[in-house]
Peer 1: 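Quick one: this structure, given as structure tokens, is what I'll be asking you about.
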Amino acid sequence: MSRRKFLKNLGALGAGTVISPLAAQTHSSSSLPPKKNSPVVISTWIHGMEANAGAWEILGAGGDALDAVQKGVAVTESDMTNRSVGLGGRPDRDGHVTLDACIMDHDSRCGSVAFLEDIQHPIDVARAVMDKTPHVMLVGEGAQKWALENGFSKVDYPVPLPQVQKDYEDWLIKSEYKTGVNVENHDTIGMLALDASGRMAGACTTSGMAYKIRGRVGDSPIIGAGLFIDGDVGGATATGVGEAMIRTAGASAVVESMRRGASPEEACYDIVQRILKKHPGVEGMQVGFLAMNVQGEYGGYSVYNGFNYALRTQDRNEMVDAKYMRTWE
Ligand code: SD4
């Protein structure tokens, strides 16, 4: 099944049968704990490979997980061929690219920006909000104003990019808006890292859903929905239809399951099952979660097939297919 098809619909989540995790189609979603004190980083989708390489420059040298996730996801934000992260992303239905990002560490320190325009690295602004303000989240015009006053500048290239603008103008002809993940709006990057000192951090950044209503903010910058870290337990991040993660406080729910003893994969399975239960009759809504505990065990789970994640440890540098509940043809 192609990525196009896999992400085609949001529509309504169908009332299809939920397959038990044991019966579900599974792939090699192994979660062997890394060697003690050896770092590990996981991140969503294929672009996670390059992002992990960026993070590994810090993790492999014994550096801080927080710096590593910031550096890692910034690699994806810089990729102007990526249509769902950073300023190469697709615009909202009024033609503006708006970015959402957040970052969190093992001490529950966190920073977030949403509905931010014209700044290359929203993740750096989120980190600066965390480091320099008493707040967690800045949005829109205020976030941009604060960023410009604090050392960031607007980019000097056209946003949307010319090709993206052309696609948008083509889209405008029909203006067909699907309130969910489809081919135009997928592949947020969410990253979780554990460093050699046992510190955990996570980051998440996206241009959100293509052709969204202007002002729409998804789960990705919402602490507890698209990302959550608890230094005593572990962390989780999400990709897919953000509204589902917000309704269920998804990333937070995953961490709470791990706190009660679930493995990372079991915890991701639990939230995916809960999301399906809360969206009866909705067909084609993809949601994928990644989790890691403070022992360095990791795992993922999604509603539909096709979700994968990049893994980097001292011994491994590869893509892993997440387990899933349903097959999308
Ligand atoms: C959002 N969760 O804005 C993001 C979109 C996404 O993979 O993750 N796509 O709802």
Side-chain angles (χ1 to χ4, degrees), residues 3-11 13 42-48 51 73 76-77 79 82-86 88-93 96-102 112-117 122-123 126 137 139-140 177-192 202-228 236-252 254 268 271-272 275 279 282 284-290 300-310 322 324 328:
R3 295 274 307 133
R4 280 185 85 85
K5 243 180 157 182
F6 162 62
L7 292 162
K8 205 170 92 197
N9 295 322
L10 163 62
L13 261 189
I42 53 175
S43 51
T44 53
W45 305 114
I46 184 70
H47 50 215
V73 301
T76 319
E77 289 178 344
D79 177 1
N82 191 306
R83 295 288 171 258
S84 47
V85 178
R90 299 198 188 277
D92 62 24
R93 59 169 70 177
H96 304 278
V97 179
T98 67
L99 304 179
D100 299 338
C102 72
S112 165
V113 287
F115 196 46
L116 180 68
E117 294 181 43
I123 197 64
M137 188 170 193
V139 305
Y177 181 57
K178 298 189 186 106
T179 54
V181 167
N182 56 52
V183 66
E184 292 95 7
N185 51 42
H186 56 83
D187 294 10
T188 290
I189 185 155
M191 175 180 280
L192 304 170
C204 190
T205 178
T206 190
S207 54
M209 289 158 71
Y211 314 136
K212 59 197 174 187
I213 295 172
R214 182 147 177 81
R216 181 265 185 189
V217 170
D219 62 309
S220 303
I222 310 283
I223 299 295
L227 177 73
F228 196 65
T237 190
T239 178
V241 181
E243 282 71 9
M245 276 71 97
I246 295 173
R247 287 185 191 111
T248 54
S252 165
V254 171
C268 292
I271 191 63
V272 168
I275 284 172
H279 296 79
V282 179
M285 182 176 80
Q286 176 64 324
V287 162
F289 281 86
L290 291 186
Y301 222 99
S302 57
V303 174
Y304 287 102
N305 51 320
F307 174 48
N308 57 10
Y309 59 97
Y324 52 87
W328 186 258

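These numbers come from the heavy atoms of this one structure, side chains and all, not from hydrogens, waters or symmetry mates. Note that ligands are numbered from 1 as they come in the structure, with each ligand's atoms numbered from 1 the same way. Along the sequence shown, the residues carry numbers beginning at 1.
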Peer 1: Does ligand 1 come near enough to Gly208 that some N or O of the ligand is less than 3.5 Å from an N or O of the residue?
Peer 2: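 Not met; the criterion fails.
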Peer 1: With heavy atoms only and a cut-off of under 4.0 Å, state how Asp187 meets ligand 1: side chain, backbone, both or neither.
Peer 2: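 The backbone, only.
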Peer 1: Output the list of atoms in ligand 1 that are nearer than 4.0 Å to some heavy atom of Asp219, sorted by atom number.
Peer 2: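 Per the distance check, 1 (C), 2 (N), 4 (C), 10 (O).
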Peer 1: Hey, is ligand 1 close enough to Arg216 that some N/O pair sits below 3.5 Å?
Peer 2: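 Yes, there is a polar N/O contact under 3.5 Å.
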Peer 1: Please identify which atoms of ligand 1 are closer than 4.0 Å to at least one heavy atom of Thr239.
Peer 2: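 Here the atoms of ligand 1 in question are 6 (C), 7 (O), 8 (O), 9 (N).
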Peer 1: Geometry only, no angles: is Thr188 polar-contacting ligand 1 at N/O separations under 3.5 Å?
Peer 2: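 Yes, Thr188 has an N/O under 3.5 Å of an N/O on ligand 1.
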Peer 1: Quick one: CG on Leu227 to CG on Leu290, what's the gap to the nearest 0.5 Å?
Peer 2: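 Between atom CG of Leu227 and atom CG of Leu290 there are 11.0 Å.
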Peer 1: Below 4.5 Å, heavy atoms only, C-beta onward: do Tyr301 and Ile271 meet side chain to side chain?
Peer 2: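 No, their side chains stay 4.5 Å or more apart.
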Peer 1: Please indicate whether any nitrogen or oxygen in Gly218 is less than 3.5 Å from any nitrogen or oxygen in ligand 1.
Peer 2: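 So ligand 1 has no N or O lying under 3.5 Å from an N or O of Gly218.
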Peer 1: Heavy atoms, side chains only, cut-off 4.5 Å: are Ser43 and Val73 in contact?
Peer 2: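 Ser43 does not reach Val73 side chain to side chain.
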Peer 1: Quick one, Val303 and Met285 - any side-chain contact, counting heavy atoms below 4.5 Å?
Peer 2: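 They are not in side-chain contact.
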Peer 1: Closer than 4.0 Å to some heavy atom of Ser220 - which atoms of ligand 1 meet that?
Peer 2: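 So the answer, numbered in order with elements, is 2 (N), 4 (C).
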Peer 1: Kindly write out the residues that satisfy side chain to side chain contact (heavy atoms under 4.5 Å, CB included) with Asp92, not counting sequence neighbours, or none if the list is empty.
Peer 2: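 Result, side chain to side chain contact (heavy atoms under 4.5 Å, CB included) vs Asp92: Asp94, His96, Thr98, Lys212, Arg214.
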Peer 1: Any atom of ligand 1 sitting under 4.0 Å from a heavy atom of Gly240?
Peer 2: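 Checking ligand 1 against Gly240, which is what was asked, there is a heavy-atom contact under 4.0 Å.
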Peer 1: Tell me every residue that passes side chain to side chain contact (heavy atoms under 4.5 Å, CB included) with Ala251, counting only those two or more places apart in sequence or in another chain.
Peer 2: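 Partners of Ala251 under the side chain to side chain contact (heavy atoms under 4.5 Å, CB included) test: Phe228, Ala236.
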Peer 1: Using modelled atom types only, decide if a donor and an acceptor are shared between the side chain of Arg90 and the backbone of Val97 within a distance under 3.5 Å.
Peer 2: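 Not at all, since once roles are kept as given, no pair shorter than 3.5 Å links the two residues.
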